[in-house]
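Input: a single structure, listed below in structure tokens.
Chain letters run A, B, ... following the sequence lines, proteins first and then strands; every chain starts at 1.
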There are 2 protein chains.
Amino acid sequence: MRGVDASLEGIAREAGVAIGTLYRHFPTRLDLLLAALEPRLAELLDESERVMGIDDPWRAFASYLENLFRLQAGDRGFNDFLSRRFPGSAETERLHDQICEHIDEVLIRAQDAGVVRPDIARGDIVTLIWSSSRMIDATSVTAPNAWRRQLALMLDAYRAPRAHPLPEPPLTDEQLYDAMVRLNAAD
Amino acid sequence: MRGVDASLEGIAREAGVAIGTLYRHFPTRLDLLLAALEPRLAELLDESERVMGIDDPWRAFASYLENLFRLQAGDRGFNDFLSRRFPGSAETERLHDQICEHIDEVLIRAQDAGVVRPDIARGDIVTLIWSSSRMIDATSVTAPNAWRRQLALMLDAYRAPRAHPLPEPPLTDEQLYDAMVRLNAAD
DNA sequence: CGTCAAGGTGAGGCACCCCTCCGGTTGCGG
DNA sequence: CCGCAACCGGAGGGGTGCCTCACCTTGACG
């Protein structure tokens, strides 16, 4: 098991360090995770800034997702991190909320410009992130660029013209939260 | 942990039976899985027959997926089963191959009729199954019908008339196989 | 060179889990 | 009522992982 659920003893072993030393530096798994993810998170936030600056609302929206998936594909831990919530950690809650705000921003701008269908909501994008996370896991070795194809397909679904009505309402914030906590324990 | 990776000791406990008894009836985890999944598999194959009989190729295609997802949503083990391969088990290989054939059948018929974009391949549907499997896991308690919305979105992506070119080729059969074996160990 | 704090170590207690195997139970035909 | 086969139970050996804690090293400074 790699990623967020990797064995701490295994990590220590690979790092050539004793388990006690690992615990000295990172008292909890979450401390280690945040330290390991720091560069990816910084990169994501940087790229988000850049993408927000793109004039074309569709390109901004598509580039945001493309960036996110690229980072997911490059880091197993980051991939896990994005689809989970860690209840009780203010730091990770803050990060997730920030990412959600960015999603809202590119999404709403694209919808206001009429290039993304209006019945899409934040929850749909978060769901897409869960889904792609699974797909990226599966294909990371065998077909590291496969996610690009699925993203392109999904973007076709998000485009405004000729949208068919959707049968269910989008997930609410509470439903999203519960689901992400649940992805923690399960699997 | 529930689903395919559930602890056998836990299953025995819940069944009010000793671990030895469980092993007597089901020598391997796969034996137990196949027994537990038997009704779902029968239902899937029945429904597949029925769906093949639908005249409208688009409705047949959409109904096939709708059925599959409904069954996935109703059974955690079945949900796991669909996105994994168990190397060395002829029985599960046969089942997976059979499902793949059904997918090919409804897909190709819809493409021949011009209602599904021609650049979709079997691998895209399998990928969709992986993705939805993750989503269904996440939302099974909180929003048990959420998968319908994602399926509707995906169907919009599969429709023929609004297709944009896809950047990567579809996954080959070997890539699919490797990925599904990989989903076994990881997570 | 002595002291002390900072950092590193890994055995050990606890909790699961896998799977085996031997002894106990049950119920049915004779 | 006996004997036997089919069935059941659960202790136990082996493995992994979590986390703690008492002990050991190192190096800076007076």
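Partner B:R85 forms a salt bridge (charged side-chain N to carboxylate O under 4.0 Å, His left out) with one of B:D178, B:D97, B:D80 and no other, that one being B:D97. The side-chain hydrogen bond (donor to acceptor under 3.5 Å, both in side chains) test with B:R134 is passed by exactly one of A:S132, A:S131, A:S133: A:S133.
When distances run from any side-chain atom of A:T21 to the nucleotides C:dT9, D:dG10, D:dT20, the shortest one goes to C:dT9. In the set C:dG10, C:dC17, D:dG9, C:dG10 carries the atom at the smallest distance from any side-chain atom of A:A18. Of the candidate nucleotides D:dC18, C:dG8, C:dT20, D:dC18 has the atom nearest to the side chain of A:Y23. For A:R13, whose side chain is taken as the heavy atoms from C-beta onward, the closest listed nucleotide among C:dG10, D:dG17, C:dC19 is D:dG17.
Between A:D124 and A:R117 there is no salt bridge, since none of the side-chain N atoms of the basic residue sits less than 4.0 Å from a carboxylate O of the acidic one. Salt-bridge annotation for B:R109 and B:D112: absent, with no side-chain N of the basic residue lying under 4.0 Å from a carboxylate O of the acidic one.
Ring-plane geometry between B:H96 and B:F81 is classed as parallel, the angle between the planes falling under 30 degrees on a 0 to 90 degree scale with a further cut at 60.
Here C:dC18 presents its P atom at 11 Å from CG of B:L32, a figure rounded to the nearest Å. One interatomic measurement links the two molecules: CG of B:L30 to C1' of C:dC19, which rounds to 16 Å at whole-angstrom precision. Atom CD of A:E14 is separated from atom P of D:dT16 by 15 Å (rounded to the nearest Å). Nucleotide D:dA11 holds its C1' atom 11 Å from the CD atom of B:E9, rounded to whole Å. The interatomic distance linking B:R24 (CZ) with C:dT25 (P) rounds to 16 Å, in whole Å. Straight-line distance from the CG atom of B:L22 to the C1' atom of C:dT20: 14 Å, rounded to whole Å. Distance A:F26 CZ to C:dG8 C1': 14 Å, rounded to the nearest Å. For the pair B:I19 CD1 and C:dC18 P, the interatomic distance rounds to 7 Å; values are reported in whole Å.
OP1 or OP2 of C:dG8 has at least one side-chain nitrogen or oxygen of A:H25 nearer than 4.0 Å. Look at A:R29 and you'll find a side-chain N or O under 4.0 angstrom from OP1 or OP2 of D:dC18.
Residue B:S7 is classed as a sugar-phosphate contact, given heavy-atom separations below 4.0 Å to backbone atoms only. Across all strands, A:L8 comes closer than 4.0 Å only to sugar-phosphate atoms, never to a base (heavy-atom distances).
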